[in-house]
There are 2 protein chains.
Amino acid sequence: MKRKPSTEATAAWIRLMRVQSRVLDCVEQDLKKAGFPPLAWYDALLELSRAPSGEMRPVELEKQMLIPQYSTSRLIDRLVDEGLAVRRECKIDKRGQFVEITEAGRELQKKMWGAYSAAIEKHVGSKLSDTDALKLCGLLDRLGCSCSDARPAAVAKEGVPAR
Amino acid sequence: MKRKPSTEATAAWIRLMRVQSRVLDCVEQDLKKAGFPPLAWYDALLELSRAPSGEMRPVELEKQMLIPQYSTSRLIDRLVDEGLAVRRECKIDKRGQFVEITEAGRELQKKMWGAYSAAIEKHVGSKLSDTDALKLCGLLDRLGCSCSDARPAAVAKEGVPAR
DNA sequence: GACTATTTCATGCAAATGCATTTAGTCACG
DNA sequence: CGTGACTAAATGCATTTGCATGAAATAGTC
């Protein structure tokens with residue numbers, strides 16, 4: 001129970017860390033340069049906009065986005081501050097609440113998708129053929145469900161829940 | 001110059017973000033549970049220990065680790081505070097300095113490698129055959145040099161500079 | 001129903017990060 | 001040499017994180 005990793009596995013680990021941090025950085029920079037808020041905002045807005053009634057429980061959001069509870073709480077604070085979402089009372093469970101995306105929120109999400117998708121194309125799409133991208137997906141998926149809480153990695157439609 | 005990414009590319013992007021964040025999280029948690037400092041410390045110590053004379057310029061460290069300048073500066077502060085490294089005067093360039101790893105630093109690096117390598121094996125090695133790990137490396141490497149500053153992704157010997 | 005355990009969300013506080021700026025030294029060039 | 005451009009590193013300040021804890025509601029149990 002303490003075998004050393006193969007050099008291949010180790011090399012893969014390094015690549016995984018370095019490449020994603022670099023690519024993420026590039027994409028975040030592109031968004032920022034275009035005057036947009038961080039990716040996390042986008043992800044949250046997207047999740048909210050996809051919810052059937054445009055609203056969801058913070059707990060849900062938290063699970064979708066794989067970020068800690070307090071982090072979700074504060075992210076919502078910021079969205080609300082900017083008028084991108086509103087908190088609504090939850091009648092069926094008084095300790096909880098609903099978060100609902102506003103019109104402004106939906107608009108921002110759509111606008112961001114323009115810059116965001118361009119960045120993905122620039123930093124990922126243009127470097128990989130479709131079949132290679134698929135191969136990459138397959139390999140990465142195998143690393144997926146290791147820890148406690150897994151999530152079946154959402155399928156991209158036209159919005160992309162990124163992280 | 002604003003083509004949309006293919007759904008394959010988008011899917012790959014999502015996987016890349018989600019999988020690495022998850023795997024990194026797992027590894028960091030394992031290290032923390034074992035009572036060790038964050039991975040960034042390990043990386044810095046490793047780089048230092050590999051330097052021919054056990055010392056290097058902060059600028060170098062910065063380039064190796066792909067982190068911003070101020071971040072390096074403060075990381076060194078912490079290492080020094082803990083007695084893992086010392087700052088040395090740089091005679092050839094008076095505005096600069098050298099950072100030298102201490103014996104304690106070397107020891108910590110070695111100890112951490114025990115837990116670290118076990119974590120890599122657990123969260124990466126055990127999920128991927130060697131050939132698949134190599135394929136993954138190949139695909140990831142293509143995403144490598146997009147932004148401004150590239151780095152040829154160090155080869156793992158027995159230490160692994162992770163990020 | 002009373003009591004405990006659990007879930008949902010917020011928050012105080014310390015540490016870490018990002019950003020812009022400062023300080024100090026070097027370099028290039030007239 | 002002197003002056004202006006550049007590089008190495010640190011730091012002040014605001015924002016963000018992480019962690020632990022708190023407060024409120026619900027669920028489970030006897």
Side-chain angles (χ1 to χ4, degrees), chain A residues 21 24-33 35-44 47-48 55-82 85-100 148-149 163, chain B residues 21 24-33 35-44 47-48 55-82 85-100 148-149 163:
Chain A
S21 104
L24 173 58
D25 224 66
C26 293
V27 171
E28 286 268 26
Q29 288 304 322
D30 282 4
L31 279 195
K32 176 175 285 191
K33 271 179 217 149
F36 289 119
L39 257 184
W41 289 37
Y42 179 84
D43 288 346
E47 292 295 344
L48 288 176
E55 64 182 9
M56 64 196 290
R57 301 283 298 267
V59 208
E60 287 310 311
L61 198 53
E62 184 187 321
K63 277 183 209 136
Q64 298 296 317
M65 300 191 36
L66 300 177
I67 59 180
Q69 179 270 319
Y70 58 82
S71 192
T72 314
S73 178
R74 294 202 255 232
L75 175 54
I76 294 173
D77 281 349
R78 284 165 215 151
L79 295 181
V80 170
D81 282 351
E82 300 292 328
V86 288
R87 292 185 203 265
R88 297 219 172 287
E89 185 194 7
C90 174
K91 309 208 162 151
I92 51 176
D93 184 345
K94 283 301 186 71
R95 78 207 136 151
Q97 66 190 218
F98 279 110
V99 181
E100 185 182 358
S148 40
D149 49 9
R163 301 175 303 182
Chain B
S21 105
L24 173 58
D25 222 67
C26 292
V27 171
E28 286 269 26
Q29 287 305 324
D30 282 4
L31 279 194
K32 176 175 284 190
K33 270 180 217 148
F36 289 119
L39 258 183
W41 289 37
Y42 178 85
D43 288 346
E47 293 295 344
L48 289 175
E55 65 183 8
M56 66 196 292
R57 302 282 298 264
V59 208
E60 287 310 311
L61 198 53
E62 185 187 321
K63 277 183 211 136
Q64 298 296 318
M65 300 193 32
L66 300 177
I67 57 179
Q69 180 269 318
Y70 57 80
S71 192
T72 315
S73 178
R74 294 202 256 234
L75 175 54
I76 295 172
D77 281 349
R78 284 164 218 154
L79 295 180
V80 170
D81 283 350
E82 299 293 327
V86 288
R87 291 183 203 267
R88 296 219 172 288
E89 185 194 8
C90 173
K91 310 212 159 147
I92 52 178
D93 185 344
K94 281 302 185 73
R95 81 210 133 146
Q97 66 189 220
F98 280 110
V99 181
E100 185 181 0
S148 42
D149 50 9
R163 299 176 306 182

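We name chains A, B, ... by the order of the sequence lines, and we start the count at 1 in each one. It should be emphasised that the depicted structure is a prediction, and the values quoted were computed from it without experimental measurement.
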Worksheet item: Can you list, by residue number, the residues of residues 86-93 of chain B that have a non-hydrogen atom closer than 4.0 angstrom to DNA chain C?
Response: B/Asp93

Item to complete: Can you sort out the partners of B/Glu82 under salt bridge (charged side-chain N to carboxylate O under 4.0 Å, His left out), two or more places apart, ordered by chain and number?
Response: none

Worksheet item: Which heavy-atom pair separates B/Ala40 from B/Leu75 by the least distance, and what is that distance?
Response: O-CD2, 4.0 Å

Practice prompt. Considering non-hydrogen atoms only, spot the tightest contact between B/Glu62 and B/Ile67 and give its length.
Written response: CG-O, 3.4 Å

Residues 87-98 of chain A side chain polar contacts: donor-acceptor under 3.5 Å, at least two apart:
from, atom 1, to, atom 2, distance (Å)
A/Arg87, NH1, A/Gln97, OE1, 2.8
A/Arg87, NH2, A/Asp77, OD1, 2.1
A/Arg88, NE, A/Glu100, OE1, 2.3
A/Arg88, NH2, A/Glu100, OE1, 3.2
A/Asp93, OD1, A/Arg95, N, 3.2
A/Asp93, OD1, A/Arg95, NE, 2.9
A/Asp93, OD2, A/Arg95, NE, 3.2
A/Asp93, OD2, A/Arg95, NH2, 3.0

Worksheet item: To the nearest 10 degrees, how far apart in direction are the end axes of the helix from C/dG1-D/dC30 to C/dG30-D/dC1, each fit to five base pairs?
Response: 20°

Worksheet item: Under the 3.5 Å rule, do the base of D/dT7 and the side chain of B/Arg95 count as making a donor-acceptor pair?
Response: yes

Worksheet item: Should B/Val99 and B/Met56 count as side-chain neighbours, where that means a heavy-atom distance under 4.5 Å?
Response: no

Worksheet, complete the sentence: Protein heavy-atom contacts under 4.0 Å, written 5' to 3' over nucleotides 17-22 of chain D as B (base), S (sugar-phosphate only) or - (none), form the string BBB---

Worksheet item: OP1 or OP2 of D/dA10 less than 4.0 angstrom from a side-chain nitrogen or oxygen of B/Ser73, does that happen here?
Response: yes

Fill in: Nucleotide range of DNA chain C lying under 4.0 Å from chain A heavy atoms
C/dT7 to C/dC19

Discussion item. If the condition is side chain to side chain contact (heavy atoms under 4.5 Å, CB included), which residues does A/Ser73 pass it with, not counting sequence neighbours?
Written reply: A/Gln69

